[in-house]
Amino acid sequence: MCYSFDNKKVNLDKVAEELNAENYESGYSKSELVSAFSRPAMPIVLEHEGLKITHGTWGLYAEIPKDKPAKGLNLTAEKTHTFYKSFQHNRCVIPITGFYDFMHVSNPGRKTPIKVKHEVFWKGADHLYLAGFYDVWENKEIGVGIVTTVANELMSIVHNSKLRMPICLDARMASRFLNDEPIEEFTFPNYDPQLMASNLEPEKMPNTLF
């Protein structure tokens with residue numbers, strides 16, 4: 001994913017009901033465009049003496065090097081048992097309306113492709129959950145990295161530059177993820193989320209004969 005999503009219309013009361021979680025805070029970052037690089041305090045769900053909705057800062061690490069601004073934002077599922085071993089049982093999910101990615105389209109006569117923005121969402125639902133690992137920093141804030149997997153058929157078209165996608169979950173699978181089931185149960189092709197995509201910039205698509 002391109003480090004941004006929409007969570008403006010997420011109903012946290014509905015999230016609390018779906019996941020049997022307690023929501024006791026306010027002041028979350030909710031917007032049509034939540035950017036990872038602004039390090040938002042987004043709503044997340046995690047286990048702490050029962051499931052709780054609380055604040056999580058996008059970025060697993062408290063300190064992010066200036067030369068690696070994306071470090072800890074997205075986490076590769078295939079590295080769970082090695083690079084992210086110390087966090088793999090710190091599970092959380094992030095409720096969102098949809099996330100954004102860019103399709104790369106060839107640009108005749110130019111080396112640089114055209115980037116066409118798409119929004120990806122759950123078929124027939126008003127929200128979905130992204131899988132995350134978290135850490136509790138010294139100042140008691142919670143840092144979150146979103147876990148990614150190999151792209152499914154849809155995301156291979158939408159995110160054709162990297163062929164990756166975040167692990168996307170409905171409420172049933174979110175509950176299983178929070179219950180610390182093996183990460184492999186949620187990665188593609190073992191699990192294929194019911195996603196759809198909307199082209200937000202159709203005017204950028206090149207004209208073709210067919």
Side-chain angles (χ1 to χ4, degrees), residues 1-8 31-40 42 58-61 64-84 87 93-123 127-133 143-170 173 177 183-184 186-210:
M1 61 186 296
C2 72
Y3 306 111
S4 60
F5 59 69
D6 173 4
N7 70 350
K8 184 176 181 179
S31 170
E32 290 183 357
L33 183 61
V34 177
S35 171
F37 299 105
S38 64
R39 308 212 77 186
M42 57 195 180
W58 195 345
L60 185 63
Y61 307 112
I64 297 181
K66 290 184 178 180
D67 60 337
K68 295 182 179 179
K71 183 178 180 180
L73 300 181
N74 291 349
L75 314 177
T76 305
E78 293 85 348
K79 298 179 180 179
T80 293
H81 308 309
T82 54
F83 198 81
Y84 304 115
F87 308 108
V93 295
I94 303 96
I96 66 169
T97 305
F99 64 90
Y100 301 105
D101 252 318
F102 287 91
M103 177 188 295
H104 285 212
V105 179
S106 61
N107 192 357
R110 297 176 180 267
K111 292 183 179 180
T112 304
I114 300 170
K115 296 181 180 180
V116 183
K117 190 174 184 178
H118 286 65
E119 183 170 10
V120 183
F121 48 93
W122 195 277
K123 184 178 180 180
H127 68 273
L128 67 147
Y129 300 92
L130 302 181
F133 296 152
V144 177
I146 294 173
V147 188
T148 69
T149 182
V150 176
N152 65 2
E153 183 177 358
L154 173 69
M155 291 304 298
S156 293
I157 297 171
V158 174
H159 199 198
N160 55 352
S161 62
K162 294 186 178 179
L163 304 180
R164 301 288 299 179
M165 66 179 184
I167 293 179
C168 300
L169 311 165
D170 60 7
M173 292 299 283
F177 181 80
I183 191 67
E184 292 78 13
F186 308 96
T187 57
F188 185 78
N190 294 333
Y191 172 64
D192 191 1
Q194 301 300 302
L195 301 177
M196 296 184 68
S198 175
N199 185 347
L200 302 181
E201 299 177 319
E203 72 281 359
K204 287 186 175 182
M205 298 297 289
N207 293 324
T208 60
L209 294 176
F210 303 98

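Heavy-atom basis, side chains included; hydrogens, waters and symmetry copies ignored.
Between the side chain of Asn152 and the backbone N or O of Asp192, no donor-acceptor pair lies under 3.5 Å. Not one N or O on the side chain of Lys79 forms a donor-acceptor pair closer than 3.5 Å with the backbone of Tyr84. Remark: the backbone N or O of Ser198 is not paired with any side-chain donor or acceptor of Glu119 at under 3.5 angstrom.
Other residues, nucleotides and ligands contribute over 12 non-hydrogen atoms within 6.0 Å of the CZ atom of Phe37. For Lys117, the NZ atom is densely surrounded, since the number of other residues' heavy atoms within 6.0 Å is greater than 12.
The structure places CG of Asp6 at 13.0 Å from NE2 of His127, a figure rounded to the nearest 0.5 Å. Taking NZ of Lys115 as the reference point, atom CD of Glu201 lies at 11.5 Å (rounded to 0.5 Å). Met42 contributes atom CE, which lies 13.5 Å from atom OG of Ser31 (distance to the nearest 0.5 angstrom). Residue Thr149 holds its OG1 atom at 5.5 Å from CZ of Arg164, rounded to the nearest 0.5 Å. Going from atom CD1 of Ile94 over to atom CD1 of Ile146 covers 5.0 Å, rounded to the nearest 0.5 Å. With values rounded to the nearest 0.5 angstrom, Thr112 atom OG1 is found 10.0 Å from His104 atom NE2.
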Q: Using the side-chain contact (heavy atoms from CB on, under 4.5 Å) rule, take Thr80 and Glu184 through it: C-alpha gap first, then chi angles, then the decisive distance, then the call.
A: CA-CA 10 Å; Thr80 293; Glu184 292 78 13; over 6 Å; no
**Q.** Evaluation steps, side-chain contact (heavy atoms from CB on, under 4.5 Å), between Ile64 and Arg39
**A.** CA-CA 11 Å; Ile64 297 181; Arg39 308 212 77 186; 3.5 Å; yes
Q: Applying side-chain contact (heavy atoms from CB on, under 4.5 Å), run through Met196 and Val120 and close with a yes or a no.
A: CA-CA 6 Å; Met196 296 184 68; Val120 183; over 6 Å; no
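For the residue pair Asn7 and Ile96, the shortest heavy atom distance occurs at CB-CA, 4.1 Å. The shortest non-hydrogen separation linking Pro202 to Leu200 is CD-C, 3.4 Å. In terms of heavy atoms, His118 sits closest to Ala197 at CD2-CB, 4.5 Å. Of all non-hydrogen atoms in Pro40 and Ala36, the two that sit nearest each other are CD-O, 3.9 Å. For the residue pair Met205 and Met103, the shortest heavy atom distance occurs at CE-SD, 4.3 Å. Contact between Leu130 and Cys168 at its shortest, heavy atoms only, is CD2-SG, 4.0 Å.
Between Phe186 and Leu169 the shortest side-chain heavy-atom distance falls below 4.5 Å. Contact of the Phe121 side chain with the Thr97 side chain is not registered, since no non-hydrogen atoms from C-beta on lie closer than 4.5 Å. Looking at heavy atoms from C-beta onward, Thr187 lies out of side-chain contact with Glu78 at the 4.5 angstrom threshold. Counting heavy atoms from C-beta outward, Phe188 and Ile167 have side chains that stay 4.5 Å or more apart. Inter-residue side-chain proximity for Met173 and Pro193 is flagged as unmet; no heavy-atom pair is nearer than 4.5 Å. Between Lys71 and Pro69, every side-chain heavy-atom pair lies at or beyond the 4.5 Å cut-off.
Results of the ring-ring contact (aromatic ring centres under 6.0 Å, His included) test with Phe5 over Tyr129, Phe99, Trp58 single out Trp58 as the only residue that passes.
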